[in-house]
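Note sheet for the following structure.
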Protein chains: 4
Amino acid sequence: MARNRDENKRKAILQTSKLLFAQKGFFGTAISDIVRETGMTVGTIYTYFSSKDEIVHAIVEEGWSELYSRLERDLGAAVSPEDKLRLLIERFIPEVVKDVDLISILLSEAVTYTRLEEKIERITDLVFSLTRSLAAGNRPLEAFTRQTLRTAIVVIFLGIMSTVRIARASSLGISNRDIVSVVKVLARESLRIDL
Amino acid sequence: MARNRDENKRKAILQTSKLLFAQKGFFGTAISDIVRETGMTVGTIYTYFSSKDEIVHAIVEEGWSELYSRLERDLGAAVSPEDKLRLLIERFIPEVVKDVDLISILLSEAVTYTRLEEKIERITDLVFSLTRSLAAGNRPLEAFTRQTLRTAIVVIFLGIMSTVRIARASSLGISNRDIVSVVKVLARESLRIDL
Amino acid sequence: MARNRDENKRKAILQTSKLLFAQKGFFGTAISDIVRETGMTVGTIYTYFSSKDEIVHAIVEEGWSELYSRLERDLGAAVSPEDKLRLLIERFIPEVVKDVDLISILLSEAVTYTRLEEKIERITDLVFSLTRSLAAGNRPLEAFTRQTLRTAIVVIFLGIMSTVRIARASSLGISNRDIVSVVKVLARESLRIDL
Amino acid sequence: MARNRDENKRKAILQTSKLLFAQKGFFGTAISDIVRETGMTVGTIYTYFSSKDEIVHAIVEEGWSELYSRLERDLGAAVSPEDKLRLLIERFIPEVVKDVDLISILLSEAVTYTRLEEKIERITDLVFSLTRSLAAGNRPLEAFTRQTLRTAIVVIFLGIMSTVRIARASSLGISNRDIVSVVKVLARESLRIDL
DNA sequence: AATGAATGAGTCTTCATTCAT
DNA sequence: TATGAATGAAGACTCATTCAT
């Protein structure tokens, strides 16, 4: 047997660290916390990851790519742009929003390790092109310039994420359900697209 | 008499720290960084602030209260709800958005020292009641339930802040101007309020 | 397996710290002194003890309990109260008195970490009951009220300890032997008990 | 007027510092504590004393010499050695014992600044010669060799002081009155001197 | 691969003392 | 003489990472 790397251990580290980073922040979480919580030893952690940075990095990249690929798969199954948009709002957003831990880390102080812009860019491009194909003859949509539309997508996307993050940490009295409603109403009222 | 407490020094510490916290984060910034950047000595920093926490606290509270009181003053001057909303969007948002450093700190990992929920709550209440007074006979506004409207305000407010924050740190290609445009279009299209 | 917790290292830290605390006091001794004197690194010190306080605590408790358990063992072996008292004076006191460092720490400013009252109380109770069993028909002993006897025990016990402490630090010209003699004479002359 | 040094201020500093040093220890008391408690400023403190050490030094030396000179004055007034001894026990000890703060400082970790040996030496010499003049024909006293007698004096003197100190800080259940009783009984029973 | 003691640069903070005013 | 802001060495302690076993 060539390698004895235990994929389950790797996953366990990632899972535990994700929770800790989300709850206590990147700087607030010590490797020793991960050690305690996983029941492993420092040495073991370091045979799977070469640094603390690499752990966040893995959490974010793997978490995100899983999310994103699911989105692509789902969108591929839908045919019309309307269906796609509906899917985006009714399936994807609730899913993203459920992963508060990932969101918290993405928006946390560790932004440096997070390459958040990249991810935003990609999502934005996707939604942007989706929206564009709905634009023909849609008065309100035509009211948005390309740049304004792009910006709107970013603002709303980041708004959703931030809201979820803050709502988790404090008593904002806003549920994930409320957030999805908002996106729907916004789509209906400002794009005149009824979902 | 000995030298007197120098208000300029206090301000300098605040200003320098604000920049550093915004750029490198609260935990990423060491007191020694502030020392180096201000050219003062540790001791001096600690004669003006009793801890690192107190520094962020002062930055956030003083920055925010200045912003907020200006908003209240301006709103007081306007008469109709429409005027107030216009002011909010055309004067207040650009101003908030200009203070990227403050925003970055508000959204940073130091959320604990930041009491962000409080601030959100207050802004939300204000905008909410403003919007409510525009609601009568406005179909789209009536489409929002109270809770959805509140959520929308939070999402958009946090969306604006997050966008500005991320845009500063990376190459998102979004300007403050774009952000204001978005809010305007959103208001026009989804509230049918023309500004 | 990685290196194992090395009991010798723990002992070395304790031994070195004991000397330093005794000579320079608890507050006069810096962790860096312990580091220098043991030849270890700060980190190592802190893998064996979680704080400076814990070090004094260990020195005091371990030193004292060893002393005290030896006393109990010895006293258990003796039968008559006279034998017990003899043992106390001729074996225990010389032993206590030998551990000047421990005494210095016990009496030092770190009294807080030292729980000296507890230890005094316990010794006093023991000696008190011992003396009481010699009291019957012993005129001088009957001259002491309970409270005076208790006080006398405390005064003499603390007197011995303080004398040893001061004698070590300065040129008092008093040896441990002298101290034992005093206790004997005091016992003989004031309790009329010949040892 | 040549000097404007205000003797009252000096005394106030000394008095306040004495209390603080006694309660919180030498190292536990910061100059800033003295500043706060006296209501003076650092600068003022330092125009009266050139260092923290000098403050303890003054407290100890002035406190002690006042005590000692009173003792000498009193002893001078008495004629017979018996009277002198009685005075020592009934007047001096209660007085010393009353000044717990001074005692605490004398015995504290600041022993270095305290020159305690000197003071012990002097008291011991005095008591020793006093006792010697009572020795003729006094069997028990003759039982003490010179060195044992000297040691006994030291042990009892330090015992008294330590007991008072510890009793103040913790719940030893011993009063100053008890301590004086002990000395009396000890004198009576072991020196056969009835006071 | 797994272990966990060892490392030491780096953290925040304190505080006796100085000295310009 | 009085003031109190300024100083900076020194303090206790942390923690990511290494490496001998």
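Keep in mind that this is a model prediction, so the values were computed, not measured. All values below come from the heavy atoms of this structure, side chains included, with hydrogens, waters and symmetry mates left out. Naming: A, B, ... by sequence-line order, numbering from 1 per chain.
Going from atom CZ of B/Phe49 over to atom P of E/dC12 covers 16 Å, rounded to whole Å. Rounded to whole Å, atom P of F/dA2 lies 18 Å from atom CG of B/Asn4. In this structure, D/Phe26 atom CZ and E/dA16 atom C1' are separated by 10 Å, rounded to whole Å. Atom CG in A/Asp6 sits about 16 Å away from atom C1' in E/dT3, given to the nearest Å. Computed from coordinates, the A/Ile34 CD1 to F/dT17 P distance equals 11 Å when rounded to whole Å. In this entry the distance linking CZ of C/Arg36 with P of F/dA10 reads 11 Å, nearest Å. Rounding to whole angstrom units, CD1 of residue A/Ile31 and C1' of E/dA2 are separated by 16 Å. A/Arg10 places its CZ atom 14 Å from the P atom of E/dA1, with the value rounded to the nearest Å.
In terms of modelled atom types and a separation under 3.5 Å, the side chain of A/Thr29 and the main chain of A/Leu20 share a donor-acceptor contact. Using modelled atom types, one side-chain atom of B/Ser69 and one backbone atom of B/Glu66 make a donor-acceptor pair closer than 3.5 Å.
Taking every side-chain heavy atom of D/Tyr46 into account, E/dT17 is the closest of E/dT17, F/dT17, E/dC15. The nucleotide whose nearest atom lies closest to any side-chain atom of A/Thr44 is, among E/dA2, F/dG11, F/dT7, E/dA2. The side chain of A/Thr47 sits closest to E/dA2 out of E/dT18, F/dT7, E/dA2.
With sequence neighbours excluded, the residues that form a side-chain contact (heavy atoms from CB on, under 4.5 Å) with A/Thr41 are A/Thr44.
One finds no side-chain N or O of A/Lys52 lying less than 4.0 angstrom from the OP1 or OP2 phosphate oxygen of F/dC15. Distances shorter than 4.0 Å separate none of the side-chain N or O atoms of C/Thr41 from OP1 or OP2 on E/dG8. Of the side-chain N and O atoms in A/Lys9, none sit less than 4.0 angstrom from OP1 or OP2 of E/dA1. The side chain of C/Tyr48 places an N or O atom within less than 4.0 Å of a non-bridging phosphate oxygen (OP1 or OP2) of E/dA6.
Side-chain contact between A/Ser17 and A/Ile59: present, with at least one pair of heavy atoms (C-beta onward) separated by less than 4.5 Å. The closest side-chain heavy-atom distance from D/Ile13 to D/Met40 is below 4.5 Å.
Along DNA chain F, the nucleotide nearest to D/Met40 and the one nearest to B/Met40 differ in position, and the one closer to the 5' end is contacted by D/Met40. Along DNA chain E, the nucleotide nearest to B/Ser51 and the one nearest to C/Val42 differ in position, and the one closer to the 5' end is contacted by C/Val42. When each of C/Ile45 and A/Gly43 is assigned the nucleotide of DNA chain E with its nearest heavy atom, A/Gly43 is the one assigned upstream, toward the 5' end.
Between B/Glu117 and B/Lys119 there is no salt bridge, since no side-chain nitrogen of the basic residue lies less than 4.0 Å from a carboxylate oxygen of the acidic one.
Secondary structure note: stems in DNA chain F built from 3 or more consecutive Watson-Crick or G-U wobble pairs under 3.5 Å occupy E:2-21 with F:2-21.
Neither side chain, B/Thr38 nor B/Thr16, offers a donor N or O lying under 3.5 Å from an acceptor on the other.
None of A/Lys24, A/Arg168, A/Lys18, A/Arg165 except one satisfies the salt bridge (charged side-chain N to carboxylate O under 4.0 Å, His left out) rule with A/Asp101; the exception is A/Arg168.
Residue C/Ser32 is classed as a sugar-phosphate contact, given heavy-atom separations below 4.0 Å to backbone atoms only.
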